[in-house]
Structures are given as C-alpha cells and as structure tokens.
2 protein chains.
Amino acid sequence: MTAHRSTPTPAKPTHSKPSQAKQPRADARRSIAAILDAAIACLRDDPSASLGEIAKAAGVGRVTVYSHFSNRAELLQAVLDETMRRSHESLEDVDLSGAPTEALTSLVGASWTIVDEFRAVLHAAQRELPADAVHDAHGQVMERLRGVVERGRSSGDFRTDVPTDWLVTTVVTLVHGAADEVRAGRFGMDEAAGYLTSTVLSALAPRSH
Amino acid sequence: MTAHRSTPTPAKPTHSKPSQAKQPRADARRSIAAILDAAIACLRDDPSASLGEIAKAAGVGRVTVYSHFSNRAELLQAVLDETMRRSHESLEDVDLSGAPTEALTSLVGASWTIVDEFRAVLHAAQRELPADAVHDAHGQVMERLRGVVERGRSSGDFRTDVPTDWLVTTVVTLVHGAADEVRAGRFGMDEAAGYLTSTVLSALAPRSH
DNA sequence: CAAAAACCGTACAAGCATGTTCGAGTTAGG
DNA sequence: CCTAACTCGAACATGCTTGTACGGTTTTTG
C-alpha cells in the first residue's frame with residue numbers, strides 16, 4: 001500500500017510551509033498528471049472507458065494507476081475534481097460586470113472550450129459516484145451563470161415570464177447541443193460560436209410579441 | 001437455430017396476403033413484444049443494460065431472447081426500429097398545415113411524449129451499431145421538423161440569419177433538455193411544456209433588435 | 001552514490017456479460 | 001389429440017474488467 005493521494009491539488013511545491021505532508025516524488029506527480037489528462041481524454045470518447053485503456057493512453061502501466069488511486073471510483077472523483085478546477089480557472093477571469101447581455105455572451109464564449117470535456121466527465125461520473133458529489137460540482141459551476149441571468153431579469157434585459165431555473169437550463173442545454181454539433185463535425189467551431197450566442201440571446205430576450 | 005426475425009414489424013396478422021412467410025406462433029409474438037417493451041424501458045434507465053436484465057424485466061428466460069435475436073446488436077436494431085415505428089405513429093397525425101408557429105408548437109407538443117424514450121434508445125444504439133443505421137433513423141424523423149422550419153423561414157416567421165440546420169438542432173436540443181429536466185424532477189410535465197414552446201418560439205423568432 | 005520511492009510486466013482471482021448447447025417441460029394450432 | 005413450435009433453467013466456454021500480489025528495474029533525491 002503506497003501513498004494514496006485522493007487530493008492531487010497540491011501541484012505547487014512553492015516551498016510554502018513546512019507542513020508535515022511530504023511532497024510526492026517528481027515522477028509520481030508526472031504520472032498522476034498524465035493519468036488525469038488521459039482519463040479526461042478517454043472518457044470524452046467513451047464514458048465507460050476501462051482503466052486499462054486510460055493507463056495505456058497515459059503511457060503508464062495499469063498497476064501504476066492503482067498505486068495512486070485505490071479505486072476506479074477514486075480516480076473518477078479525482079478526474080471530476082480536476083475538471084472542476086480547470087473550469088473555475090477558465091471562468092474566473094471572465095468579466096461579468098458589464099451589461100447582462102454582454103456578460104452572458106462572454107460567459108458562453110468562455111464556457112465553450114471546456115463544456116464538452118466537463119460534460120463527458122460529469123456523465124461518466126454520474127453513473128458510478130454518489131449523487132451528492134456530482135450535484136455539488138455542477139451547482140457550484142452554474143452559480144455565476146445564474147447570477148448573470150438574475151441580474152438580466154432585474155434590469156429588463158432578459159425575460160421574466162419563465163422561471164430563472166428554466167433560463168439557466170436553456171443556456172446550458174444550448175451550449176451542450178452546440179458542443180455536440182461541433183464534435184460531430186456538422187459545424188465549424190467559430191461558426192457555431194456565433195450561432196450559439198445569437199440563439200441564446202434570442203431565447204432569453206423578453207417577449208416582444 | 002430457430003427462426004430469427006430481424007424484422008419484427010409484421011405485428012398485424014390481419015389475414016392479409018397468402019405470402020409464403022408463415023406467422024410465428026402466438027406466444028412467440030407475445031414474447032417478442034414483451035422483450036421489446038422491456039428493452040425500451042430498461043435502456044431508458046441504463047443505456048448499457050444487460051440482456052439478462054432485459055429478459056428478467058420482460059418475464060422471459062435469457063435463452064428465449066437469443067431464440068428471437070441472434071445478437072445483442074440485432075436486438076438493439078429491432079428496438080431501434082420499433083421505437084422509430086412508434087415515433088412515426090405518434091407524429092403522422094399531427095397537422096402541420098397551419099401557420100409555421102402553430103405547426104411548430106403542435107410538433108413540439110407531440111414530440112414531447114416520445115422524445116425521452118427515443119433518445120435513450122438512440123443513445124444506447126449509437127455505441128454498438130454501425131453509424132449509418134442510426135443516422136438514417138434520426139434523419140428520417142427530423143424530416144418533418146425541417147420542413148416546418150423551412151416553411152417558417154420563407155414566410156418570415158422564423159429567422160434566416162442562421163442556417164436551417166442550426167435551427168433544427170436548436171429545437172431538438174431544447175426538447176431533449178426539457179425532457180431531461182422533467183425526468184430529473186426539476187419541473188412538472190405541463191409546466192415544462194409551456195416553457196419549452198415559449199422558449200422555442202423565441203429562439204426561432206426573427207431578430208427584432 | 002546509495003537508499004528510498006516509484007516504475008514496469010506478468011500473473012492470478014473474482015465477477016459479470018455474451019453466446020451456445022442440451023434436455024425436458026409447456027403451449028399453440030391444425 | 002398430437003405434433004411442431006416455443007419456453008425454460010442450468011451448465012459451459014469465452015472474454016473483458018477490476019483489484020491484488022510479486023519480483024525486477026529505473027529514477028529521484030539527499
């Protein structure tokens with residue numbers, strides 16, 4: 001039984017504090033990173049990819065995976081955490097202070113690159129992990145979107161004849177659908193991005209009728 | 001090797017023609033129908049449900065399944081065909097001759113009941129069947145939707161600043177998303193139906209700006 | 001440079017899903 | 001009623017995946 005790191009987050013060995021938790025060795029950190037990357041890539045293609053496939057894609061032995069993650073479930077949890085971390089990293093720089101329509105456009109545009117991998121991982125985790133862990137993750141990421149939507153409703157930029165939850169769902173659904181189309185090769189990425197923002201704004205616009 | 005019916009469609013023994021293809025016996029037809037129903041129900045909950053589960057849910061032995069479908073793939077194909085048949089049956093009565101917005105509303109409303117089972121089956125088949133069979137099915141069902149959308153673009157009821165394909169995708173995506181929400185229990189069925197049609201119409205409306 | 005840490009491949013046990021075979025029981029239908 | 005069709009359960013072979021164990025080799029790191 002070697003060290004099992006269920007929290008691979010301490011990626012910064014910046015000589016911070018003399019905490020008693022010793023850093024794993026350099027090659028171990030490299031392996032973990034490779035496994036996580038490979039897992040995300042594999043699960044994107046096949047949500048039920050085997051540990052063997054992931055190990056091979058990562059360029060490590062299958063046993064090595066078990067030396068870092070005792071379970072498949074634990075690996076999945078780590079992958080979920082890592083994906084969440086990347087999402088936050090990508091989205092925290094987005095400026096949401098402008099007009100709601102601007103903010104929404106920015107947010108959708110920034111979500112664009114991460115939504116497909118996030119969704120694939122989420123989908124893979126959803127069937128093998130306790131539901132609460134998944135739900136926490138999802139809710140946390142959607143918080144910002146929800147804030148923008150609520151602000152737009154107050155300012156009169158977005159419609160109020162349907163609930164906020166519905167609007168949030170609409171945006172997320174459209175982003176997912178657009179990602180699917182691009183992945184299927186039916187639309188180019190830039191092309192779809194333009195259509196998507198335009199469609200989202202129309203869907204959230206107040207009923208002119 | 002018993003009779004393998006890859007086309008379970010002749011469900012009507014209406015003394016039609018003295019074709020040389022003899023009808024399977026009554027209990028066989030009953031079993032096939034039970035298996036198909038159970039398969040649809042099981043795959044809706046778990047896209048990778050095992051043959052054993054399906055057989056148990058159908059109330060037949062596992063071997064019986066193999067006496068009607070030589071493969072898992074063949075069963076999946078039959079399930080896909082059956083689901084398609086039901087979809088057509090539900091949609092062929094929808095009147096699309098009115099105004100495009102009316103027609104779209106009717107179509108979305110009628111799709112509502114079948115879309116979740118159809119999608120689950122499609123999703124299950126997508127990973128185990130040749131891509132062309134799946135694509136044919138999907139395209140055939142979307143034909144009517146596409147017609148309505150094109151008509152609405154010509155009449156000026158729907159926007160033309162994005163491609164027809166994109167609008168079709170948008171509608172399908174929103175319907176799927178709404179079905180998910182209902183399935184997850186976050187919205188009631190009637191409630192979601194209203195929000196859905198409202199959102200779809202907004203998304204397809206011409207840019208007033 | 002040497003010890004500790006991490007790596008590798010192979011092998012093994014258990015579990016599950018897919019197909020197949022067999023023999024015996026049950027049911028439909030002429 | 002009697003035969004052919006159908007169903008059933010159990011058993012077996014196969015292959016894939018998970019998780020564990022062992023011994024040998026490479027890489028860090030102090």
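Lettering follows sequence order; numbering is per chain, from 1.
- M84(A) approaches F118(A) most closely through the heavy-atom pair CG-CE1, 4.2 Å.
- Taking atom CZ of R29(A) as the reference point, atom C1' of dT28(D) lies 11 Å away to the nearest angstrom.
- By the 4.0 Å N-to-carboxylate-O rule, E82(A) lies close enough to R85(A) to be salt-bridged with it.
- For H68(A), taking side-chain heavy atoms from C-beta onward, the closest of the listed nucleotides dA17(C), dT29(D), dA6(C) is dA6(C).
- Here the nucleotide nearest the side chain of A26(B), chosen from dT28(D), dG29(C), dT7(D), is dG29(C).
- Between D165(B) and R186(A), no side-chain nitrogen of the basic residue sits less than 4.0 Å from a carboxylate oxygen of the acidic one, so the salt-bridge criterion is not met.
- The side chain of R30(B) contributes an N or O atom lying less than 4.0 Å from OP1 or OP2 of dA28(C).
- Position along DNA chain C of the nearest nucleotide to D27(B) versus A73(B) favours A73(B) as the more 5'-ward residue.
- Rounded to a whole Å, the CZ atom of F69(A) is 15 Å from the P atom of dT20(D).
- Atom CG of L76(B) is separated from atom C1' of dA17(C) by 14 Å (rounded to the nearest Å).
- Between dT7(D), dA6(C), dT20(C), one nucleotide has an atom nearer to the side chain of S31(B) than all others, and that is dT7(D).
- For T64(A), the listed nucleotide lying nearest its side chain is dC8(C); candidates were dC6(D), dC8(C), dA4(C).
- Side-chain proximity of R72(A) to dA11(D), dT29(D), dT18(D): nearest is dT18(D).
- Of the candidates dT28(D), dC8(D), dA4(D), the closest approach to any side-chain atom of R25(A) belongs to dT28(D).
- Atom P of nucleotide dT21(C) and atom OH of Y66(B) are separated by 13 Å, given to the nearest angstrom.
- Looking at the side chain of S67(B), the nearest of the listed nucleotides dT20(D), dT7(D), dG19(C) is dT7(D).
- Considering all non-hydrogen atoms of both residues, L167(A) and R153(A) come closest at CD1-NH1, 3.7 Å.
- Ranking dT10(C), dT18(D), dA6(C) by closeness to the V63(A) side chain, first place goes to dT10(C).
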